[in-house]
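Written below as structure tokens is the structure these notes are about.
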Amino acid sequence: MIQNFSFIYIDPGTGSMLFTILIGVLSAAAYFLRNSFIKLRFLFSLGRQEKTESDNVPFAIFTDSKRYWNIFKPICDELEKRGQQAVYLTASPDDPALDEKYDHVSAQFIGEGNRAFARMNMLKADVVLSSTPGIDVYQWKRSRNVKWYAHILHSANDVTGYRMFGLDYYDAVMTSGDFQAKQIRQLEDLRHLPHKELPMIGLPHMDVLRERLLDAGELPEHSVTVLLAPSWGASSILNRFGAKMIDALLKTGYHIIIRPHPQSYTSEKQMLDELMNRYPESENLEWNSSNDNFDVLRRSDILISDYSGVIFDYSLVFDKPIIYADTSFDKGPYDAWWLDDEMWTFTVLPKLGRQLTTDNFESVGELIDNCLNARDLKEGRAEARSDAWANIGHSASLAVDYLMAKRQELLEGNQMHDPA
């Protein structure tokens, strides 16, 4: 007889909630057992007090993806230079950080997905720095054994571009522009949250790109080169325009570089394979998938994208024009939904380049020529740089200054409240 087990089906949302509850219970149990062990050890030591935080990590950095190593490497380099002990915890088994040879900063792979969050939920550290949003919202919970959580942005754009409540439960957010601090304060006031610390440090990865660009010198003479670097998903350029976009670009006679988003190779493999087979590399076309995008950003004269964060790297560091796709943006799932003000990104894009629409993409050659010769776009880039990229060249140093000062403040505060 066939049994009907449909009554035990658990939908994904409920499953995620149950997993979160389980992690919370396990974390609480681990905390209780650890404190019970410490009390017993204290009793057996006949009242002699022992330090229980010697195994705490002074500084921990957490990343859910190897893609963000470019943000954290300058900070790890600065911590290493100052001889500060730190641990870099990554959810990517092939994170480049794992190959670094530091004396004071150690890199560890802590598992992927929920395994990584489970490890973070029981972490013992004084200060944690991360670019991962959603702490205390989804699976990642604040550990009772962490004194301070700081978030660092990975692009020069709106903090309201995060999913709802993404930054609410951090203690500090490192910003790169006044408009970001304004958005955070508006959200805090609307949600009756305590004000976070908002140190304005800048953007470490853009500082590194700038330094590399200065060291690289002038490019040799070359034909006009167009870089198509879309994001991924249903609204991306390759999904919306696909072969028509590539045909239109090839008709310009310019050299075309197509650099798909890394996620496309996994989530959109069939679509991407079809395009790559249909348009093999040639004298005028190349496909690029290198881990480091510096070379293609430097070699190209104009970028075509669709609201990817690379737009700001390209415009503000390399000082070149962009063409941005006409893609709809649903504010519903994001913190931007809470605010009446238009997102900074959408106010600044017309100052950085021209819009690609369904009406003009077949004449993209004219659009490219217009952008390459437009004086107003150079002025717009300077304005955006002033708005969104503070402390150019000094961000990693300022970030470490903040982390060290905050840890010292926390330790001194603990000593003041220590009954011993």
Side-chain angles (χ1 to χ4, degrees), residues 63 65-78 80 88 90 92 94-101 107 131 152-157 176 201-232 237 254-265 281 285-324 352-353 371-372 378 381 384-385 388-389 391-397 399:
T63 179
S65 172
K66 64 181 180 181
R67 295 200 304 270
Y68 304 120
W69 175 234
N70 65 332
I71 297 168
F72 294 117
K73 186 180 188 306
I75 294 173
C76 288
D77 290 346
E78 186 68 21
E80 175 73 11
Y88 179 90
T90 176
S92 292
D94 55 346
D95 195 310
L98 298 170
D99 297 323
E100 289 286 335
K101 305 298 182 185
S131 64
I152 187 168
L153 303 175
H154 51 76
S155 184
N157 54 9
S176 65
I201 62 116
L203 294 157
H205 78 284
M206 283 175 51
D207 284 354
V208 171
L209 283 176
R210 173 179 172 269
E211 185 176 347
R212 291 179 66 183
L213 184 62
L214 293 173
D215 291 341
E218 294 292 328
L219 275 171
E221 288 292 327
H222 63 283
S223 61
V224 172
T225 300
V226 181
L227 173 60
L228 176 63
S231 59
W232 69 282
I237 290 176
Y254 296 146
H255 185 74
I256 310 302
I257 304 173
I258 305 177
R259 181 181 169 84
H261 191 281
Q263 190 64 36
S264 293
Y265 290 96
E281 290 203 351
L285 174 66
E286 62 177 288
W287 292 86
N288 181 275
S289 60
S290 60
N291 289 330
D292 187 354
N293 65 2
F294 176 80
D295 177 64
V296 291
L297 295 180
R298 178 172 175 258
R299 284 195 291 125
S300 57
D301 299 294
I302 188 168
L303 168 71
I304 302 176
S305 191
D306 42 26
Y307 305 145
S308 169
V310 73
I311 282 177
F312 299 105
D313 294 352
Y314 195 78
S315 298
L316 307 189
V317 178
F318 293 84
D319 198 25
K320 298 174 184 177
I322 64 165
I323 293 175
Y324 58 97
L352 303 179
C371 288
L372 291 174
K378 188 169 184 64
R381 294 193 295 271
R385 193 177 297 112
W389 188 7
N391 301 310
I392 294 175
H394 304 286
S395 56
S397 177

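Below, all heavy atoms of this structure are taken into account, side chains as well, without hydrogens, waters or symmetry copies.
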Heavy-atom check, side chain of P260 versus side chain of W287, under 4.5 Å | yes
Rounded to the nearest 0.5 Å, the CZ atom of R210 sits from the CG atom of L316 at a distance of 12.5 Å
Can you check whether W389 and F312 have ring centres sitting under 6.0 Å from each other?
-> no
Using modelled atom types only, decide if a donor and an acceptor are shared between the side chain of S92 and the backbone of K66 within a distance under 3.5 Å.
-> yes
Could you grab the distance from atom NE2 of H205 to atom CD1 of I75, nearest 0.5 Å is fine?
-> 11.5 Å
Could you give me the CA-CA distance, side-chain angles and deciding distance for D319 and R385, then say whether side-chain contact (heavy atoms from CB on, under 4.5 Å) is met?
-> CA-CA 10 Å; D319 198 25; R385 193 177 297 112; 3.2 Å; yes
Grab the two heavy atoms, one from R299 and one from H222, that are nearest each other, plus how far apart they are.
-> O-NE2, 3.6 Å
Can you tell me if R259 uses its side chain to pair, donor with acceptor, with the backbone of A229 under 3.5 Å?
-> no
Between I322 and S315, which heavy-atom pair has the shortest distance, and what is it?
-> CG2-OG, 3.4 Å
Should W69 and C76 count as side-chain neighbours, where that means a heavy-atom distance under 4.5 Å?
-> yes
D95 side chain vs T90 backbone, donor-acceptor pair below 3.5 Å = no
Worked verdict on C371 versus I323 for side-chain contact (heavy atoms from CB on, under 4.5 Å) | CA-CA 8 Å; C371 288; I323 293 175; 3.9 Å; yes
For residues A384 and L352, report the shortest heavy-atom separation together with the two atoms involved.
-> CB-CD2, 3.9 Å
Member of K73, R298, R212 meeting the salt bridge (Lys or Arg N to Asp or Glu O under 4.0 Å) criterion with D292 = R212
Roughly how far, to the nearest 0.5 Å, is the CE atom of M206 from the CG atom of L213?
-> 11.5 Å
Note: L372 and P321 closest approach over all heavy atoms is CD2-CG, 4.2 Å
Of all the heavy-atom pairs spanning I258 and L285, show the shortest one and how long it is.
-> CD1-CD1, 3.6 Å
Taking atom types as modelled, is there a side-chain donor on D301 or Y254 under 3.5 Å from an acceptor on the other?
-> no
How far apart are the closest heavy atoms of I311 and L303, and which atoms are they?
-> CA-CD2, 4.0 Å
Can you establish whether the number of heavy atoms outside E211 located under 6.0 Å from its atom CD is more than 12?
-> no
Take V310 and L297 through the side-chain contact (heavy atoms from CB on, under 4.5 Å) test and state the conclusion after the steps.
-> CA-CA 9 Å; V310 73; L297 295 180; 3.9 Å; yes
Between the side chains of S305 and Y314, does any donor sit under 3.5 Å from an acceptor?
-> no
Output for pair (K320 NZ, T225 OG1), nearest 0.5 Å, gives 8.5 Å
Quick one: sort the Y88 and F72 rings into parallel, tilted or perpendicular, breaks at 30° and 60°.
-> perpendicular
Given side chains that start at C-beta, do those of F318 and F294 come closer than 4.5 Å, heavy atoms only?
-> yes
For the residue pair N70 and V208, establish whether any side-chain heavy-atom pair is separated by less than 4.5 Å.
-> no
